[in-house]
Amino acid sequence: MHHSQPHHLSSDDVLFRHSIPIGLHANLSEGIPVCQSLRAASTLVNERGFFHGKMGFRQALERHQLSMEQVELELKDQIRLFRELTGHLPYHMDGHQHVHILQEVREVFAQVLSDHRIPYTRVPVEPGLHSCQWLPAHLKSFYAQVEKDALDSIPVFKRYGIRWPDVYLGLTTVGRNMSVFNLRLALSHTFSMSSCVASSPEERVVTAELMVHPGYPSHSQKGGCGEGPDEFSQSDDRQHELSVLTDLSLLDMYRKERVQLCSFKDF
């Protein structure tokens, strides 16, 4: 989750004031590396010194142009910086734009999590994805590939003893697609899963991760990272998500459906 915050508050102020149990959204695709030695002449950056981007990273990976040793260095340095800023290791760790489940990267990612004893990650397989009626074709195609990569990652994560929630939600409810109705529909797939695995109503407990992006539109010259904010970041989609997530009718729906909000720290 990305948080926009007033300039007079430091990240430490926000974290400690609200006791936010944050994890690390590891980034290998936007902006510049945390690791100083990788900011020039590394396989992770282009000629301008920026990461290759969501699709550029994937293309470079397919062409076997990325050093997994450098991926490991960068992930470790991001964990180091996270610990310096927060005073503790991440409670969970995943990858920006789902890079952590890509071929080759998933093995390095799992090893780094295991070495640092970070127990949880994200496996983006959403039950209602294929039945969703409102996603455009290009997004549905990309998400289908994300799902395939996620399924291929499961044996790797299991081998390293890494865990994840039972269900992942959020691909069908990004930005303007987020509404109380659509969130209820997404949750209905979770409830169906719990009914299938439980032997009695009292045992129907299932954990689900909901991916969200609450915030405010980025300014083209100020926000974002690297070469500037993308179209999603500059739109009002993040503010729309924020308004839905704080809508009292959504909280009422959670109560009626017996949904208990929690974090990875509560597992």
Worksheet item: What's the verdict on side chain to side chain contact (heavy atoms under 4.5 Å, CB included) for Leu135 and Thr172, showing C-alpha distance, side-chain angles and the deciding distance?
Response: CA-CA 7 Å; Leu135 289 176; Thr172 63; 4.3 Å; yes
Would you find more than 12 non-hydrogen atoms of other residues, nucleotides or ligands less than 6.0 Å from [X] atom [atom1]?
X      : atom1 : answer
Arg63  : CZ    : yes
Arg159 : CZ    : yes
Gln103 : CD    : no

Side chains of [X] and [Y]: closer than 4.5 Å at any heavy-atom pair?
X      : Y      : result
His96  : Phe51  : no
Ile79  : Leu89  : yes
Leu75  : Val71  : yes
Ile101 : Pro124 : yes
Glu241 : Arg238 : no
Gln97  : Glu30  : yes
Pro33  : Val45  : yes
Leu151 : Ile154 : yes

Got a second to check how far [X]'s [atom1] is from [Y]'s [atom2], nearest 0.5 Å?
X      : Y      : atom1 : atom2 : value
Leu28  : Leu102 : CG    : CG    : 9.0 Å
Phe157 : His100 : CZ    : NE2   : 5.0 Å
Glu126 : Cys132 : CD    : SG    : 8.0 Å
Phe181 : Met253 : CZ    : CE    : 11.0 Å
Leu210 : Thr190 : CG    : OG1   : 9.0 Å
Ile162 : Leu113 : CD1   : CG    : 4.5 Å

Worksheet item: Given Met93 and Phe82, is the side chain to side chain contact (heavy atoms under 4.5 Å, CB included) satisfied, shown in steps?
Response: CA-CA 11 Å; Met93 181 169 161; Phe82 181 99; over 6 Å; no
Over all heavy atoms of both residues, which pair between [X] and [Y] is shortest? Give the atoms and the distance, please.
X      : Y      : answer
Val125 : Ala150 : CG2-CB, 3.6 Å
Cys35  : Asp77  : CA-OD2, 3.2 Å
Leu250 : Leu183 : CD1-CD1, 3.7 Å
Ala208 : Leu169 : CB-CD1, 4.3 Å
Tyr143 : Leu171 : CE1-O, 3.5 Å
Val123 : Tyr168 : O-CB, 3.4 Å

Worksheet item: If you group Ile, Leu, Val, Met, Phe, Trp and Tyr by side-chain heavy-atom gaps below 4.5 Å, do Leu187 and Leu248 land in one group?
Response: yes
Worksheet item: Same cluster for Leu261 and Phe191 if Ile/Leu/Val/Met/Phe/Trp/Tyr side chains link at under 4.5 Å?
Response: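 In one cluster with Leu261: Phe191, yes.
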Please confirm whether the backbone N or O of [Y] pairs with a side-chain atom of [X], one donor and one acceptor, at under 3.5 Å?
X      : Y      : result
Gln133 : Ser131 : yes
Ser42  : Arg39  : no
Ser188 : Leu185 : yes
Ser114 : Ala110 : no
Ser141 : Ala137 : no
His240 : Met178 : yes
Arg58  : Lys54  : yes
Asp266 : Ser263 : yes

Distance-only side-chain donor-acceptor flag, [X] / [Y], under 3.5 Å:
X      : Y      : value
Thr207 : Asp166 : yes
Gln59  : His52  : no
Tyr160 : Glu107 : yes
Ser67  : Thr43  : no
Asp94  : His25  : yes
Gln234 : Asp230 : no
Glu74  : Gln78  : yes

Fill in: SB check Glu147 Lys140 (cutoff 4.0 Å)
no
Item to complete: Give a yes or no on whether a salt bridge exists between Arg80 and Glu84, defined as a side-chain N under 4.0 angstrom from a carboxylate O.
Response: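 Between Glu84 and Arg80 there is a salt bridge, with a charged N closer than 4.0 Å to a carboxylate O.
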Discussion item. What verdict does the side chain to side chain contact (heavy atoms under 4.5 Å, CB included) test give for Val174 and Met211, after you've listed the backbone C-alpha separation in whole Å, the side-chain angles of each residue and the deciding distance to 0.1 Å?
Written reply: CA-CA 8 Å; Val174 171; Met211 178 184 70; 3.7 Å; yes
Fill in: CA sep, side-chain torsions, deciding dist, call: Asn27, Ser29, side chain to side chain contact (heavy atoms under 4.5 Å, CB included)
CA-CA 6 Å; Asn27 172 38; Ser29 57; 3.7 Å; yes
Practice prompt. Evaluate the criterion ring pair (Phe, Tyr, Trp, His ring centres under 6.0 Å) for residue pair Phe264 and His92; output intermediate values, then yes/no.
Written response: CA-CA 7 Å; Phe264 283 86; His92 65 283; 4.0 Å; yes
